[in-house]
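Working notes for the structure below.
Read the numbers this way: they start at 1 and go in the same order the structure lists the ligands and their atoms.
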Amino acid sequence: MIKSFMMDKYYFIMTYGCQMNIHESEKLAGILEETGYLPAQSVADADIIVLNTCCIRETAEQKIIGHIGSLKKLKKNKPALKIILCGCMTQQNGKGLEIKEKFPFVDYILGTHNIGDLRSLLSGGAGGVFVEDTDGYINDDLPVTRTSMPNAWVNIIYGCNNFCTYCIVPYVRGRERSRTMDSVKAEVERLVKEGYKEITLLGQNVNSYGHDLNDGTTFAKLLNLLADIPGKFRLRFMTSHPKDFTDDVIDAIASHDKICKHIHLPVQSGATAILKAMNRKYSREDYLALVAKIKDRIPSVGITTDIMVGFNGESERDFEDTLDLVEKCRFSGAFCFIYSKRKGTAGYNMTNIVQYEVKKERIKRLLALQNKITREENKKYIGNVFEILVEDINDRFENTYCGRTDCGRLVNFKSDADIRNKFVKVRVTRGATATLWGEVTEVE
Ligand code: 5AD
Ligand code: SF4
């Protein structure tokens, strides 16, 4: 009864960066809702604003810094408003204190290893900077408010041991920690029972899943175990590291209908010398051989990638090797980035930097090539029928829904009935650059 006299309290979470962060925000929402907070429709309506940050590139950090600055006025007009910062940006060495000094109106700053501490802060703990310097724990027991039905994100491994020389992630996410197969299986079983139809397994490098458990656990074993769970659902996973992509994983993908034939396999560069400088531990030839092997074993596979241009020492010839690899692999999609130096990484101290103008010119050429390939590959889908899980409404068009094929291609299609969360059969009728269009031929 006392409750009816209390004012409702609202939270708003701003999420930056990758799928890991999107899922972590679902855990933050879980904690907030457990404490009685409700989701706000906008920042202005919130009593608590959480910024779940990213620092993979400088542009990401600049955007967040801009957003923090813009909250100052809101806080001034509403002093009871609580502003909380967490995520990768805050975990960087000394960054928490630096932010607090620059933006004193931020109430709490948490690191990546202690988002569970949000609970004590909500129950009246003092404000300040709480960033733990540790290799990390497994935050396995936090409540989760899922926001991406029919897809559910499931962490299988946290952290990264690879120390690619451009990458900040190992410094802000700690060492690799795998959940046990039993704990992942129990979560997936529960999610399937709850009606989730797509489970996406998450890790910085899913292929090294289990190595740290030293009990014979491997990613392939996990895939086989999860694919045997009864019910109609799909399994996806990301991200894969080419150096750890073993044959038993290829076999698992090939032999289970439930495992989507989509592999996100970041190459980063097509030049062996640059891959070496990046500490990627595979050569151009290794990568090409792996792609050939995967395509041979799984002919319907869609392979997507991440590519960086302008890493330290990248010559025009090295860049042309990247273009050539892109031609050869014919990725169904690629995320392309300009290298951005990150303090604390080995790349930060390298002196053979590539001028920004050169980087800009290279990314333009790379994008033009990949867009041409995506268009050409999309044409090959026209006329074929695919099973698609309807994920959402595409509100840019009337009565339009969207979802992905098993091999990861996004398709739009019209329907008068609400077909969200259903499996449908769609015949592809035309292909634009990033998206395909089709017509529904069957609904489950
Ligand atoms: N600069 C630019 N891109 C980066 N990535 C990681 N670190 C950097 C950086 N310092 C890219 C890589 C990675 C993707 C998630 O982000 O391509 O695969
Ligand atoms: Fe970063 Fe490399 Fe680890 Fe990926 S594998 S998170 S790129 S260090």
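Metal site remark for atom 1 (Fe) of ligand 2: Cys167 contributes an N, O or S atom at a distance under 2.8 Å. Atom 2 (Fe) of ligand 2 does not have Cys160 among its coordinating residues (no N/O/S atom, backbone or side chain, under 2.8 Å).
The cationic group of Arg409 does not satisfy the cation-pi geometry with Phe386, failing either the under 6.0 Å distance to the six-membered ring centre or the 45° limit from the ring axis.
By the 4.0 Å N-to-carboxylate-O rule, Glu314 lies too far from Lys359 to be salt-bridged with it. At a threshold of 4.0 Å, the pair Glu98-Lys343 does not count as salt-bridged, since none of the basic side-chain nitrogens sits closer than that to a carboxylate oxygen. By the 4.0 Å N-to-carboxylate-O rule, Lys221 lies too far from Asp248 to be salt-bridged with it. Arg146 and Glu198 are not joined by a salt bridge, as no carboxylate oxygen comes within less than 4.0 angstrom of a charged side-chain nitrogen.
Protein heavy atom at the shortest distance from atom 15 (C) of ligand 1 is Asp306 OD2, 3.7 Å. The shortest contact between atom 4 (Fe) of ligand 2 and any protein heavy atom is with Gln204 O, 4.4 Å. Scanning the protein heavy atoms around atom 1 (N) of ligand 1, the nearest turns out to be Ser340 N, 3.0 Å. Among all protein heavy atoms, the one lying closest to atom 5 (S) of ligand 2 is Asn162 ND2, 3.4 Å. Looking from atom 2 (Fe) of ligand 2 to the surrounding protein, the closest heavy atom is Cys164 SG, 2.3 Å.
The atoms of ligand 2 that sit less than 4.0 Å from any heavy atom of Tyr166 are 7 (S). Here is the list of ligand 2 atoms found below 4.0 Å of a heavy atom in His241: 5 (S). If you number the atoms of ligand 2 from 1 as listed, the ones under 4.0 Å from a heavy atom of Pro170 come out as 8 (S).
Contacts with ligand 1 closer than 4.0 Å are made by heavy atoms of both the backbone and the side chain of Tyr166. Contacts of Val169 with ligand 2, taken as heavy-atom pairs under 4.0 Å, involve the side chain alone. In Lys341, neither the side chain nor the backbone holds a heavy atom less than 4.0 Å from any atom of ligand 1.
In this structure the side chain of Lys197 never reaches within 4.5 angstrom of the side chain of Met149, judged on heavy atoms. Side chains of Phe237 and Ile259 form a contact here, defined as non-hydrogen atoms less than 4.5 Å apart.
Side-chain atoms of His211 and Ser178 include no donor-acceptor pair closer than 3.5 Å. Between the side chains of Asp286 and Ser283, at least one donor-acceptor pair of N or O atoms lies under 3.5 Å.
Ring geometry for His67 against Tyr16 counts as tilted: the plane angle lies between 30° and 60°, on a 0 to 90° scale.
The option with the heavy atom closest to atom 16 (O) of ligand 1, from among Met278, Arg57, Met308, is Arg57. Relative to atom 12 (C) of ligand 1, the option among Arg342, Gln268, Glu58, His241 with the closest non-hydrogen atom is Gln268.
Contact detail for Pro39 and Tyr11: the closest heavy-atom pair is N-CE2, 3.4 Å.
Using a 4.0 angstrom heavy-atom cutoff, Arg280 counts as in contact with ligand 2. Using a 4.0 Å cutoff on heavy atoms, Ile338 counts as a contact of ligand 1.
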